[in-house]
**Q** 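First the structure, then my questions, so here it is.
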Amino acid sequence: MPRLSRHFFVRPTLTVTRELLGKYLVHQTRQGLFVGEINEVEAYANVDDPASHAFRGRTLRNTPMFLEGGHAYIYFTYGMHYCLNIVTEQADTAGAVLIRSVIPIEGIKMMQKNRGGKPLKILTNGPGKVCQAFGLTKQQNGLDLVTSTELWLEDRGKKISRFQKTPRIGIRNGTNKLWRFVS
DNA sequence: ATACTGATGGCCT
DNA sequence: GGCCATCAGTATA
């Protein structure tokens with residue numbers, strides 16, 4: 001499979017964000033293989049972005065955001081949900097793309113099991129839902145998606161011609177930027 | 001259809 | 001102590 005390599009991720013965050021639409025998220029687990037087509041993303045930048053976890057500099061939690069592009073940043077929020085981000089930019093420059101939604105492609109039966117039997121329409125249409133369906137937790141935080149045998153991204157030749165730009169969801173600051181892309 | 005709210009815990013000031 | 005890059009359920013129309 002044509003796996004995304006380092007140079008794809010080590011670019012400006014907004015470029016990577018746009019190009020992640022239509023790419024495939026793959027999680028290989030003992031339970032089986034999970035695959036989804038990314039169809040909703042959000043860009044989170046560095047110190048100039050008040051919505052970004054990196055806004056106030058490096059902390060214990062946001063450390064993966066400062067790694068070289070291509071790593072995973074998975075954080076725990078609201079006491080019960082995990083959210084998956086794809087780290088962008090070169091090392092020491094924070095930047096990440098939040099995976100807000102995917103279209104289930106493979107491992108749908110297991111995704112439904114992980115999600116308590118929810119129907120296809122609402123199986124993976126939210127950042128917390130994607131992690132729950134794919135079995136992603138703190139365990140995968142910091143993984144290098146370029147070299148990992150467990151978690152990576154693929155280009156399967158899908159072309160995205162049209163997509164919407166909107167403000168990001170669930171934030172208080174930085175709502176002026178249209179950094180949420182939906183295909 | 002939209003609007004509101006409780007659940008629940010780690011992180012940061 | 002306050003604040004969440006959320007979700008599912010309930011209420012209201």
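We name chains A, B, ... by the order of the sequence lines, and we start the count at 1 in each one.
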**Q** Identify, with sequence neighbours excluded, every residue that meets side chain to side chain contact (heavy atoms under 4.5 Å, CB included) alongside A:P167.
**A**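 Testing A:P167 for side chain to side chain contact (heavy atoms under 4.5 Å, CB included), a comparison that skips the adjacent residues, returns A:L178.
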**Q** Going by the rule ring pair (Phe, Tyr, Trp, His ring centres under 6.0 Å), which residues pair with A:Y24 if we only count those two or more places apart in sequence or in a different chain?
**A**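 Checked A:Y24 against ring pair (Phe, Tyr, Trp, His ring centres under 6.0 Å); zero matches.
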**Q** Without decimals, in angstroms, what is the distance between A:F76 CZ and C:dT6 C1'?
**A**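 Between C1' of C:dT6 and CZ of A:F76: 11 Å.
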**Q** Once side chain to side chain donor-acceptor pair (under 3.5 Å) is applied, do any residues pair with A:S101, and if so which ones, sequence neighbours excluded?
**A**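 A:S101 satisfies side chain to side chain donor-acceptor pair (under 3.5 Å) with A:N39 only.
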**Q** Who pairs with A:Q132 by side chain to side chain contact (heavy atoms under 4.5 Å, CB included), at least two apart in sequence or on another chain?
**A**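 Per chain and number, A:Q132 pairs via side chain to side chain contact (heavy atoms under 4.5 Å, CB included) with A:R115.
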**Q** Quick one: does NZ or CZ of A:R61 land under 6.0 Å from the six-membered ring centre of A:Y75, within 45 degrees of the ring axis?
**A**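 The answer is yes; both the distance and angle limits are met.
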**Q** For A:T124, give me all partners under side chain to side chain contact (heavy atoms under 4.5 Å, CB included), at least two apart in sequence or on another chain.
**A**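 Expected list: A:V102, A:P104, A:M111, A:V130, A:A133, A:F134.
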**Q** Which nucleotide of DNA chain B is the first, and which the last, in the 5' to 3' direction, to come under 4.0 Å of a heavy atom belonging to chain A?
**A**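 Range of nucleotides within reach of chain A: B:dA7 to B:dT13.
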**Q** How does DNA chain B look in dot-bracket notation if pairs are Watson-Crick or G-U with both distances under 3.5 Å, crossing ones as [ ], other-strand ones as |?
**A** |||||||.||||.
**Q** Which residue pairs satisfy the ring pair (Phe, Tyr, Trp, His ring centres under 6.0 Å) criterion with at least one member in residues 79-128 of chain A, sequence neighbours excluded?
**A**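 Qualifying pairs: A:F76-A:Y82.
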**Q** A:H71: which residues meet the side chain to side chain donor-acceptor pair (under 3.5 Å) condition with it, sequence neighbours left out?
**A**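 So A:H71 forms no side chain to side chain donor-acceptor pair (under 3.5 Å) with any residue.
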**Q** Can you list everything that forms a side chain to side chain contact (heavy atoms under 4.5 Å, CB included) with A:S5? Sequence neighbours excluded, please.
**A**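 Listed in chain order: A:H7.
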**Q** Enumerate all atom pairs, one protein N or O and one N or O from nucleotides 1-5 of chain C, separated by less than 3.5 Å.
**A**
residue: C:dC4; atom: OP2; partner: A:R172; partner atom: NE; Å: 3.1
residue: C:dA5; atom: OP1; partner: A:H53; partner atom: NE2; Å: 3.0
residue: C:dA5; atom: N9; partner: A:Y75; partner atom: OH; Å: 3.3
residue: C:dA5; atom: N7; partner: A:A51; partner atom: O; Å: 3.4
residue: C:dA5; atom: N7; partner: A:H53; partner atom: NE2; Å: 3.0
residue: C:dA5; atom: N1; partner: A:N85; partner atom: OD1; Å: 2.5
residue: C:dA5; atom: N3; partner: A:Y75; partner atom: OH; Å: 3.1

**Q** Below the 4.0 Å mark, does C:dC7 have OP1 or OP2 next to a side-chain nitrogen or oxygen of A:K118?
**A**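 So the side-chain polar atoms of A:K118 never come under 4.0 Å of the phosphate oxygens OP1 or OP2 of C:dC7.
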**Q** List in chain and number order the residues that pass ring pair (Phe, Tyr, Trp, His ring centres under 6.0 Å) with A:Y44, two or more places apart in sequence or in another chain; answer none if no residue qualifies.
**A**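 Partners of A:Y44 by the ring pair (Phe, Tyr, Trp, His ring centres under 6.0 Å) criterion come out as none, since no residue qualifies.
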**Q** Which part of the nucleic acid does A:R115 contact within heavy-atom distance under 4.0 Å: base, sugar-phosphate only, or nothing?
**A**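 Since only primed, P, OP1 and OP2 atoms lie under 4.0 Å of A:R115, the category is sugar-phosphate.
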